[in-house]
*Asks:* 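First the structure, which I've put down as structure tokens, then a few questions once you've had a look.
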Amino acid sequence: MNYDINKLQELLEREKIAKKICADLNHFTDLQPTLNKVIEYIKELAKCEAVAVRLYNNGDYLYYAYNGFPEEFIKKESSLCVKDEKGNNIMETNGERFVLECLCGSVISGKFDPALPCFTEKGSFWCNDSTYIKADYEKHEKNNHIRNYCNICGYMSVALC
């Protein structure tokens with residue numbers, strides 16, 4: 001068999017990183033430093049500029065661990081809740097949870113159309129050029145506002161799961 005040595009080395013490196021991630025998650029005592037380490041591994045593995053993890057917090061899904069995003073971005077984009085004119089979170093009509101906006105909110109709440117480009121059948125989202133996402137998405141999903149701040153900040157490739 002003839003293997004491409006570069007491809008083999010890449011696969012071995014990915015496996016090594018995956019094992020580090022599993023080891024850290026299996027032995028953590030404090031979640032935040034562990035997640036910070038895991039997202040460093042993910043950045044290395046994916047060769048991307050920025051990675052973040054959101055966790056549920058009182059009805060919202062705030063950034064909990066992140067690497068590569070400026071503090072200004074994290075502060076502005078942390079909350080996914082739609083606010084009223086007084087700055088209060090708006091509840092869904094059924095009163096069960098807050099209304100979440102933007103693509104992160106769509107993925108987290110499971111409210112998406114899998115027929116739309118960039119969404120997987122199970123609800124993950126991925127695109128390599130976020131320039132056209134806002135117009136395309138809002139044309140089909142009239143009930144969800146896309147902030148477009150990722151694109152404004154220059155993040156062209158976006159993956160959400």
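Just so it is clear, the model here is predicted, and its values are computed rather than measured. Count residues from 1 along the sequence.
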*Asks:* So, for Leu100 and Ser109, which heavy atoms are closest and what is the spacing to 0.1 Å?
*Replies:* CD1-CB, 4.4 Å
*Asks:* Looking only at side chains, do Lys83 and Asn88 share a donor and an acceptor under 3.5 Å apart?
*Replies:* no
*Asks:* Examine Tyr64 and Phe28 and state if one hydrophobic cluster contains both, with Ile, Leu, Val, Met, Phe, Trp and Tyr joined whenever side-chain heavy atoms are less than 4.5 Å apart.
*Replies:* yes
*Asks:* With clusters defined by side-chain heavy atoms of hydrophobic residues (ILVMFWY) lying less than 4.5 Å apart, directly or transitively, does Ile17 cluster with Ile42?
*Replies:* yes
*Asks:* With a 4.5 Å limit on heavy-atom distance, are the side chains of Leu103 and Phe119 in contact?
*Replies:* yes
*Asks:* CG/Leu45 to CD/Glu40 distance, rounded to the nearest 0.5 angstrom?
*Replies:* 13.5 Å
*Asks:* Is any side-chain heavy atom of Glu77 closer than 4.5 Å to a side-chain heavy atom of Cys104?
*Replies:* no
*Asks:* With a 6.0 Å cut-off (strictly less than), is the heavy-atom count around CD of Glu72, excluding the residue itself, greater than 12?
*Replies:* no
*Asks:* So how far is it from Asn148 CG to Cys153 SG, rounded to the nearest 0.5 Å?
*Replies:* 10.0 Å
*Asks:* Is there a donor-acceptor pair under 3.5 Å between the side chain of Glu121 and the backbone N or O of Pro114?
*Replies:* no
*Asks:* So which atom in Asp30 and which in Thr34 form the shortest heavy-atom distance, rounded to 0.1 Å?
*Replies:* O-OG1, 2.9 Å
*Asks:* Grab the two heavy atoms, one from Phe112 and one from Thr120, that are nearest each other, plus how far apart they are.
*Replies:* CE1-O, 3.6 Å
*Asks:* Could you state whether Val53 and Leu31 fall into the same hydrophobic cluster, counting links through intermediate Ile, Leu, Val, Met, Phe, Trp or Tyr residues with side-chain heavy atoms under 4.5 angstrom apart?
*Replies:* yes
*Asks:* Count I, L, V, M, F, W, Y as connected when their side-chain heavy atoms are under 4.5 Å apart, and connections chain through other members. Are Val158 and Tyr66 then in the same cluster?
*Replies:* no
*Asks:* As a test of understanding, state which of Cys118, Ser106, Cys161 forms a side-chain contact (heavy atoms from CB on, under 4.5 Å) with Phe125.
*Replies:* Cys118
*Asks:* For Cys81 and Asn89, work out which heavy atoms get closest and say how close.
*Replies:* CB-OD1, 3.4 Å
*Asks:* Can you give me the closest heavy-atom contact between Thr131 and Met156, atom names plus distance?
*Replies:* OG1-CE, 2.8 Å
*Asks:* How far apart are the C-alpha atoms of Tyr155 and Phe73, what are their side-chain angles, what is the distance that settles it, and do they pass the ring pair (Phe, Tyr, Trp, His ring centres under 6.0 Å) test?
*Replies:* CA-CA 11 Å; Tyr155 299 109; Phe73 179 90; 5.5 Å; yes
*Asks:* Atom CG of residue position Asn58 - does it have more than 12 heavy atoms of other residues, nucleotides or ligands inside 6.0 Å?
*Replies:* no
*Asks:* Count the heavy atoms of every other residue, nucleotide or ligand shown that sit under 6.0 Å from CZ of Arg14, and state whether that count exceeds 12.
*Replies:* no
*Asks:* Taking Ser78 for its side chain and Leu62 for its backbone only, find out whether a donor-acceptor pair lies under 3.5 Å.
*Replies:* no
*Asks:* Would you say Lys19 and Tyr41 make side-chain contact, with heavy atoms under 4.5 Å?
*Replies:* no
*Asks:* Might you work through the side chain to side chain contact (heavy atoms under 4.5 Å, CB included) test for Arg147 and Leu80, ending with a clear yes or no?
*Replies:* CA-CA 10 Å; Arg147 298 174 183 166; Leu80 293 175; 4.3 Å; yes
*Asks:* Within the structure provided, determine whether Val51 and Val38 are in side-chain contact (heavy-atom separation under 4.5 Å).
*Replies:* no
*Asks:* Could you walk me through whether Asn36 and Asn67 pass the side chain to side chain contact (heavy atoms under 4.5 Å, CB included) test, one step at a time?
*Replies:* CA-CA 7 Å; Asn36 284 332; Asn67 185 309; over 6 Å; no
*Asks:* Can you list every pair that meets salt bridge (charged side-chain N to carboxylate O under 4.0 Å, His left out) and has a residue in residues 41-52, with sequence neighbours left out?
*Replies:* none
*Asks:* In the single-linkage hydrophobic clustering (I, L, V, M, F, W, Y; side-chain heavy atoms under 4.5 Å), do Ile39 and Phe69 co-cluster?
*Replies:* no
*Asks:* Any chance you could measure Leu25, atom CG, to Leu35, atom CG, to the nearest 0.5 Å?
*Replies:* 7.0 Å
*Asks:* Give the minimum heavy-atom separation between Arg54 and Ile108, together with the two atoms involved.
*Replies:* CD-CD1, 4.0 Å
